[in-house]
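Below, chain A is the first sequence line, B the second, and so on; all start at residue 1. Being a predicted model, the structure only gives us computed values, none of them experimental.
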Amino acid sequence: MLEKAYDPKPVEAKWSKFWLEERLFEGQAKSDKPKYSMVLPPPNVTGVLHMGHALCFTLPDIIVRWKKMQGYNTMWLPGTDHASIAVHNVIEQSLKEKGLSRDKVGREEFLRLAWEWKEKYGGVITEQLKRLGCSLDWSRERFTMDEGFSRAVNYVFVSLYRERLIYRDYYLVNRCPRCQTVLSDIEIEHQEVKGHLWYIRYPLPGTDEAIVVATTRPETMLGDTAVAVHPDDERYKKFHGKKVLLPLQNRLIPVITDEQVEKDFGTGAVKVTPAHDPVDFELGKKHSLEQIIVIDGLGRMTEAAGEEFKGLDRFACREKVISKLKELGYLVKLEDYSHAVGHCYRCKTIIEPYLSWQWFVKIEPLAKEAIKAVEDGRIVFIPENWTKTYFDWMYKIHDWCISRQLWWGHRIPAYYCQDCHQVMVAMEKPAACERCGGTVVQDEDVLDTWFSSALWPFATLGWPEKTEDLKVFYPTDLMSTGFDIIFFWVARMIMMGLKFMKEVPFKEVFINGLIRDLKKRKMSKSEGNIIDPLEMIDKYGTDALRFTLASLAVPGMDIALSEERMAGYRAFANKIWNASRFVLMNLGEEKTGSDDQSLSLPNRWIRSRLTRVIKQLNDSLKNYRFYEAAETIYHFIWHEFCDWYIEFIKPELRQGNKNTRAVMKDVLDKILKLLHPFMPFITEEIWHHLPERGLSLLTESWPEASNQWLDEEAEEAMKFLQDLISEIRTIRAKNQLPVKEKVHLWISDQGESRRLAGPHQEAIRLLAGVDKIEYVTEMPASKNLLKGVASTIEIGLQLARSVDSQPEMERLQKELAHLEEDLAKLLARLENPDFRQRAPQAVVTEHEQRRQELQLKREKLLKNLSEMKEL
RNA sequence: GGGCGGUUAGCUCAGGGGCAGAGUGUCGGUCUUACAAACCGGAGGUCACUGGUUCGAACCCAGUACCGCCCA
């Protein structure tokens, strides 16, 4: 027998272990069943489980479990990402604590430490994942730097290079001076920063004239190689072709003209620093300007900046340049100025444009195919408004800088001859230079983490080998992820999948919302507003957490997570637990079957409702409306199965009704199956207490919605009884009649009511606290009679003592007032000839019916009231 | 500056042309032998604002305000 309250901990431990031992999550390479596959967005090995993961993994788990029960050969592949820059930072930090640095220990030792760290801590997140109950196929677990995966990465690099889709270039890229690596464009976060606009005079030698330029970064002036103005700008025509003096450096630099210069910005004249600004870089190339590097990769001033500034940090240098300019009279003025500044997405340091040799992916040919795949519907975004975001980005995509000056990651398979500088790209290191036979060295850099994760959907299945897994499980069916990595990851998987598999990597992309706190802010450590999923699991149980996430998952909406809600679903788990206890207590170990021909009303009703619920659930899940599915099953279990069905059948159970026992058991069995994808642990535990159980709910079939169970007559009859009982309860509550005080119920109708209520005297007595029921044509007049109207039937509650009729009259008055209001609205509409003419016939009829009901009820209420007044 | 989403009960949110909903909180009552993590009952709304379309608008359209996010 079940314990009195549900305790999630032992149950969760037990079934997690069981599912793994029985290998229930494993996909079959050979199977007659249709396949349904997914790959898990690999969390970083440095990661700890947060709510974002919990959401992003729980939702697809609901789908996978549902699909599996529907008879699919499901396979959901887990794994982790090596998270190049994140791990690199962790190791560097630990070295720093020991007074060491990456340069001091060297590459080999650094990598040894990184692997050691990975072995030790890389499993943390996977263990945490298991606690969520996700049905992941751990036998197929992968790591983006495992041997096979690394081979795939090299293979892709070499292939793209040979097709000239990967190239090396001396280019101005974003560099984080703190992480000491370059970053791709999308790894830059733009933030509005309050700064200044400095106006600096560049004199024209031999005259009193000068050009004033405006800049937000005065320190870069040290590397200026031109001043640019718009060719049509009258103010500067006299400077065309002249050279001005660059203050502090005492260099002469040309004044150039270019259409790109905005006449309205600042003074209309801008300084040009080709080595330190993306716009100036392009301008410099166009006008063949010299590129002078004055800031190095650490954000410090170089020798070229001049003796006075060399070695200074870029921001310290800014101050010094300003004070120098001021001192020498070159600073004209400054203005407050807000502008967007790029920050490193990992460490939030202000990035520095940096001129260097880097590797790039030529993105346009890849992007073209990826756009087409979404355009023609081979890939569908859910909700679909993300499609627009995807296109917007894909249309203006830049080439992708993929080299990183880090050590932890896939080292770029490019080799350079030390003698003739020949570049060789190959799977294996060449023994000698292919041209001159000289010694070769490998490129020092590693690849962007996202380069390898772009291959995740197929490299995890064994590609480039032609494996069975690849044949069976690719393309996958669904990708569930957050919108924040549509560009980083989803788009690139699509490009790489199309390029190398000639097929999309997944058919649907489900974009879940971002988890926020109650004030809709992002959860972050620095804000201190994190709700830790593991803590929630400890407190409320995994099932409660999962159900909360599902119930809040409205497609396209961010989620404001509240702990209260979780407490509510813990209560729900307990409710199911206790309802099951009740069922089990009344069941025994007998094998039961029901005789469908002679089922009582509540049994027919619950089956009918169950059928509708199954249909609804299927529809909701098919459309990824998790919140709708969650609400449907929640309401059905608590407010129909528990509140009405179980209460209603108590008398029948006492009489030993075998049919009722059978239906009760069968409905519970189906409820557990329907709820299983949402709450896998508690359902599995309860189900194993049922007399006829199998290996696991996961290997059971998803309940069918069989139309022969639909029973509108039963639903209507039940509705009548519910109305009747509710009305009695309301009268009792208003008149403060304790449950113990039984009343005598009069029903003023001999026909229909008697037919409907007659067989359920016992249930009515139990649920409404009635001891005797009588049917009359006329309601007797009595001082101890409380009257009400249920549906359109007059009822009276006869008490053994006399009661104050005042509260009851007030209640009826109020009900009447409400009713009059509704009726007035209804009549106004019905009296409108346009309504009758133009509204659909069905709507008109419906309105008519409602009017009749309301009028009938109004009559009864008025009658009751006047009778009560007379007494 | 461009784009996306939001504004419905005290709070968190569904709904999406034809009766205004849920959970939670709140108020009153109940230890009714599955469950007090429960049960029963009640109160609580100008569906942000302005206009339009329509027989009919919380819902569709246009605009305004405010909040949030993304991209420059």
Side-chain angles (χ1 to χ4, degrees), chain A residues 1-6 185-186 188-190 192 339-340 342 383 385-386 388-389 392-393 396 483-484 486-487 513-514 516 518-522 540-541 544 548 551-552 554 556-586 625 627-628 630-632 634-635 638-639 642-643 646-647 650 654 725-740 765-769 811 814 818-819 821-823 825-826 828-840 842-844 846-847 850 853-854:
Chain A
M1 187 48 58
L2 302 178
E3 295 294 319
K4 206 168 166 185
Y6 174 56
D185 290 344
I186 57 171
I188 306 308
E189 284 177 2
H190 290 274
E192 199 74 3
H339 60 131
N385 56 307
W386 290 110
K388 186 174 156 42
T389 310
D392 283 353
W393 187 67
K396 57 167 194 193
F483 68 82
D484 48 335
I486 291 179
F487 306 146
L514 215 59
R516 298 177 186 281
L518 280 177
K519 289 175 189 152
K520 304 225 165 134
R521 289 174 315 196
K522 272 188 188 177
Y540 303 105
T548 305
S551 72
L552 291 170
V554 179
M557 292 277 291
D558 286 349
I559 294 174
L561 193 65
S562 81
E563 206 177 317
E564 267 178 17
R565 191 123 178 186
M566 232 161 315
Y569 291 124
R570 175 183 57 177
F572 178 50
N574 198 50
K575 186 74 183 175
I576 300 156
W577 185 260
N578 276 294
S580 305
R581 266 184 88 211
F582 176 84
V583 171
L584 291 168
M585 279 163 69
N586 283 280
R625 291 198 295 258
Y627 66 101
E628 194 179 76
E631 194 191 279
T632 301
Y634 176 91
H635 185 268
W638 200 318
H639 298 301
C642 292
D643 287 354
I646 287 186
E647 295 305 327
K650 279 178 180 172
R654 271 179 216 153
I725 291 164
S726 294
E727 180 68 11
I728 299 167
R729 282 169 171 172
T730 306
I731 298 173
R732 298 187 63 113
K734 273 292 153 201
N735 293 283
Q736 312 237 327
L737 300 182
V739 186
K740 275 166 271 175
R765 281 173 51 173
L766 198 69
L767 270 63
R811 187 183 78 88
K814 203 170 171 185
H818 271 297
L819 197 143
E821 229 176 88
D822 288 349
L823 195 58
K825 266 193 260 175
L826 204 59
R829 194 170 284 177
L830 280 165
E831 278 159 14
N832 182 350
D834 283 336
F835 172 72
R836 289 189 173 277
Q837 227 172 58
R838 306 207 186 194
V843 173
V844 178
E846 201 190 302
H847 276 64
R850 215 162 68 228
E853 263 170 47
L854 289 182

**Complete:** Among B:A34, B:C40, B:C71, the one nearest any side-chain atom of A:Phe487 is B:C71
**Request:** For B:U30 and B:G15, measure between their C1' atoms and round to the nearest Å.
**Result:** 34 Å
**Item:** Separation of B:C19 P from A:Asp822 CG (nearest whole Å)
**Value:** 10 Å
**Separation of the P atoms in B:C11 and B:U26, to the nearest angstrom** = 15 Å
**Request:** Can you tell me the distance, in whole Å, between the CG atom of A:Leu826 and the P atom of B:A20?
**Result:** 11 Å
**Message:** If you only use heavy atoms from C-beta on, which nucleotide in B:G5, B:C39, B:A34 is closest to the side chain of A:Asp643?
**Reply:** B:C39
**Complete:** A:Lys388 has its side chain closest, among B:G28, B:C4, B:G18, to B:C4
**Request:** Give the rounded distance in Å between these two atoms: CG of A:Asn832 and C1' of B:G18.
**Result:** 13 Å
**Asked** Under the 6.0 Å and 45° cation-pi test, does A:Lys650 pair with A:Phe582?
**Response** yes
**Message:** Return the CD to OG1 distance between A:Glu628 and A:Thr632, rounded to the nearest 0.5 Å.
**Reply:** 5.5 Å
**Request:** Answer with base, sugar-phosphate or nothing: what part of the nucleic acid does A:Glu727 contact at a heavy-atom distance below 4.0 Å?
**Result:** nothing
**Asked** Is any side-chain heavy atom of A:Asn574 closer than 4.5 Å to a side-chain heavy atom of A:Arg570?
**Response** no
**Item:** Pair A:Lys396 + A:Asp392, salt bridge at N-O below 4.0 Å
**Value:** no
**Asked** Whom does B:G41 pair with, Watson-Crick or G-U wobble, provided both distances fall under 3.5 Å?
**Response** B:C27
**Prompt:** Just how far is it from atom NE2 of A:His847 to atom CG of A:Leu854, taken to the nearest 0.5 Å?
**Reply:** 11.0 Å
**Message:** If I take atom CD in residue A:Gln837 and atom P in nucleotide B:C55, what distance separates them, rounded to the nearest angstrom?
**Reply:** 10 Å
**Request:** Please determine if A:Arg765 and A:Glu647 form a salt bridge, counting it only when a charged side-chain N lies under 4.0 Å from a carboxylate O.
**Result:** no
**C1' gap between B:A57 and B:A48, integer Å** = 16 Å
**Asked** Looking for any heavy atom pair under 4.0 Å, which part of the strands does A:Ala839 touch: base, sugar-phosphate only, or nothing?
**Response** base
**Prompt:** Which one is paired to B:G16, where only Watson-Crick or G-U wobble pairs with both distances under 3.5 angstrom count?
**Reply:** none
**Asked** Between B:A62 and B:G6, how far is it from one P atom to the other, in whole Å?
**Response** 14 Å
**Request:** Could you work out the separation of B:G3 and B:U64 based on their P atoms and round it to a whole Å?
**Result:** 12 Å
**Prompt:** Once you round it to whole Å, what is the distance between P of B:C35 and CG of A:Asn586?
**Reply:** 12 Å
**Item:** Derivation and outcome, salt bridge (Lys or Arg N to Asp or Glu O under 4.0 Å), residues A:Glu846 and A:Arg829
**Value:** CA-CA 12 Å; A:Glu846 201 190 302; A:Arg829 194 170 284 177; over 6 Å; no
**Message:** Which is more 5' along RNA chain B, the nucleotide nearest A:Arg850 or the one nearest A:Leu766? Just name the residue.
**Reply:** A:Arg850
**Message:** Could you walk me through whether A:Phe572 and A:Tyr634 satisfy the ring pair (Phe, Tyr, Trp, His ring centres under 6.0 Å) test, starting with their C-alpha distance in whole Å, then the side-chain angles of each, then the deciding distance to 0.1 Å, before giving a yes or no?
**Reply:** CA-CA 8 Å; A:Phe572 178 50; A:Tyr634 176 91; 4.7 Å; yes
**Request:** Can you tell me the distance, in whole Å, between the CZ atom of A:Arg570 and the C1' atom of B:A37?
**Result:** 6 Å
**Prompt:** Taking atom P in both B:U50 and B:U8, what distance in whole Å separates the two?
**Reply:** 16 Å
**Prompt:** Starting at CG of A:Leu737 and ending at C1' of B:C40, how long is that distance when rounded to a whole Å?
**Reply:** 13 Å
**Message:** When the P atoms of B:A20 and B:G44 are compared, how many Å lie between them, rounded to an integer?
**Reply:** 15 Å
**Item:** Under 4.0 Å protein heavy-atom contacts per nucleotide of nucleotides 21-27 of chain B, with B for base, S for backbone only and - for none
**Value:** --SS---
**Item:** Ring geometry between A:Trp386 and A:Phe483 (parallel below 30°, tilted from 30 to 60°, perpendicular above 60°)
**Value:** parallel
**Message:** Quick check on RNA chain B: between A:Ile646 and A:Pro840, whose nearest nucleotide comes earlier from the 5' end?
**Reply:** A:Pro840
**Message:** Strictly by Watson-Crick or wobble contacts shorter than 3.5 Å, is anything paired with B:A48, and which nucleotide is it?
**Reply:** B:U64
**Message:** When you measure from the side-chain N and O atoms of A:Tyr540 to the phosphate of B:A37, is any distance below 4.0 Å, counting only OP1 and OP2?
**Reply:** no
**Asked** Can you say whether the rings of A:His635 and A:His639 are parallel (under 30°), tilted (30 to 60°) or perpendicular (over 60°)?
**Response** tilted
**Fill in**
Checking B:C69, B:U54, B:C40 against the side chain of A:Arg838 (C-beta onward), the nearest is B:U54
**Message:** So, OP1 or OP2 of B:A20: does either fall under 4.0 Å of a side-chain N or O from A:Lys825?
**Reply:** yes
**Complete:** Atom CG of A:Leu767 and atom C1' of B:U30 are separated, to the nearest Å, by 15 Å
**Asked** Using a cut-off of less than 4.0 Å, is there contact between a side-chain N or O of A:Lys575 and OP1 or OP2 of B:C39?
**Response** yes
**Given B:A72, B:G28, B:C35, the nucleotide with the shortest approach to the side chain of A:Gln736** = B:G28
**Fill in**
Of the candidates B:C40, B:A34, B:A14, the side chain of A:Tyr627 sits closest to B:A14
**Item:** Pairing nucleotide - B:G1, Watson-Crick or G-U, each distance under 3.5 Å
**Value:** B:C71
**Prompt:** So, is A:Lys650 near the phosphate of B:A34, with a side-chain N or O under 4.0 Å from OP1 or OP2?
**Reply:** yes
**Request:** Between B:U24 and B:C39, how far apart are the P atoms? Round to whole Å, please.
**Result:** 9 Å
